[in-house]
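This report refers to the structure that appears directly beneath it.
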Amino acid sequence: MRIIVAGWLRYAGDDSTCAEIITTGRDHILAAREERGCVAYTWAVDPIDPGVIQVYEEWESEVDLLQHFADPPYLEMRRHLEQWEITGFGVQLYGAGEPEAVYAEDGWPRKEIFGVTLG
């Protein structure tokens with residue numbers, strides 16, 4: 001099953017603090033992207049909420065994510081993030097089926113999603 005990790009980390013500080021965390025964490029992000037089963041891995045400064053980093057990861061399987069958690073680069077990444085004061089967080093796991101396109105061939109959003117339509 002494909003696994004999505006999504007959520008946010010709140011830090012004492014503002015968008016410049018978050019930009020520093022991300023910029024100095026570049027090597028951790030790149031290392032994760034090279035791991036087996038990593039489809040996507042990103043941290044982004046929230047453009048509306050100062051002090052918040054949005055997190056998004058996508059993994060091919062549960063085993064791939066568990067291996068990520070067990071590998072030394074994950075522990076190094078945690079140490080990196082803990083250098084700044086974390087004031088809150090909310091990161092969740094989601095199990096997902098096979099991905100499907102959002103847009104139809106005409107470029108507009110699909111009118112049916114996983115068998116559900118409006119009206």
- Task: Determine which pairs satisfy ring pair (Phe, Tyr, Trp, His ring centres under 6.0 Å) with at least one residue from residues 46-76, sequence neighbours left out, and list them in order.
- Result: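 Output for this query lists Tyr41-His68, Trp59-His68, His68-Tyr74, Phe69-Tyr74.
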- Item | Leu93 side, atom CG; Leu65 side, atom CG - distance, nearest 0.5 Å |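 Result: 6.0 Å between the selected atoms.
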- Message: Going by side-chain contact (heavy atoms from CB on, under 4.5 Å), name the residues that satisfy it together with Ala101, two or more places apart in sequence or in a different chain.
- Response: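 In terms of side-chain contact (heavy atoms from CB on, under 4.5 Å), with neighbours along the sequence ignored, Ala101 is linked to no residue.
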- Task: Tell me, please, which residues at least two apart from Asp71 pass side-chain contact (heavy atoms from CB on, under 4.5 Å).
- Result: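 With neighbours one apart ignored, the set is Glu35, Gln67, Pro73.
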Could you pull out all residues at least two apart from [X] that satisfy side-chain hydrogen bond (donor to acceptor under 3.5 Å, both in side chains)?
X	value
Arg2	Glu58, Glu60
Glu100	Arg110
Gln54	Asp46
Glu82	Arg78

Report yes if some heavy atom in the side chain of [X] is under 4.5 Å from a heavy atom in the side chain of [Y]; otherwise report no.
X	Y	answer
Ile3	Glu57	no
Leu9	Leu81	yes
Ile53	Arg10	no

- Message: Could you check whether any side-chain N or O of Glu105 sits under 3.5 Å from a backbone N or O of Gly107, counting only pairs where one atom can act as donor and the other as acceptor?
- Response: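 Answer holds: no.
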Got a sec, which hydrophobics cluster with [X], joining ILVMFWY side chains under 4.5 Å apart, including via others?
X	result
Val52	Trp8
Tyr103	Val102
Val63	none
Val39	none

Let me have the donor-acceptor pairs involving side chains of residues 17-32, under 3.5 Å, with sequence neighbours excluded, atom names and distances please.
{"residue": "Thr17", "atom": "OG1", "partner": "Asp14", "partner atom": "N", "Å": "3.3"}
{"residue": "Thr23", "atom": "OG1", "partner": "Ala19", "partner atom": "O", "Å": "2.8"}
{"residue": "Thr24", "atom": "OG1", "partner": "Glu20", "partner atom": "O", "Å": "2.7"}
{"residue": "Thr24", "atom": "OG1", "partner": "Ile21", "partner atom": "O", "Å": "3.4"}
{"residue": "Thr24", "atom": "OG1", "partner": "His80", "partner atom": "NE2", "Å": "3.4"}

- So Arg33 and Thr42, side chain to side chain contact (heavy atoms under 4.5 Å, CB included) or not? Walk me through it. CA-CA 9 Å; Arg33 288 179 177 182; Thr42 192; 4.0 Å; yes
- Query: Would Tyr94 end up clustered with Phe89 when hydrophobic side chains under 4.5 Å apart are linked, directly or stepwise?
  - Reply: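 As far as the 4.5 Å side-chain criterion goes, Phe89 and Tyr94 are not connected within one cluster.
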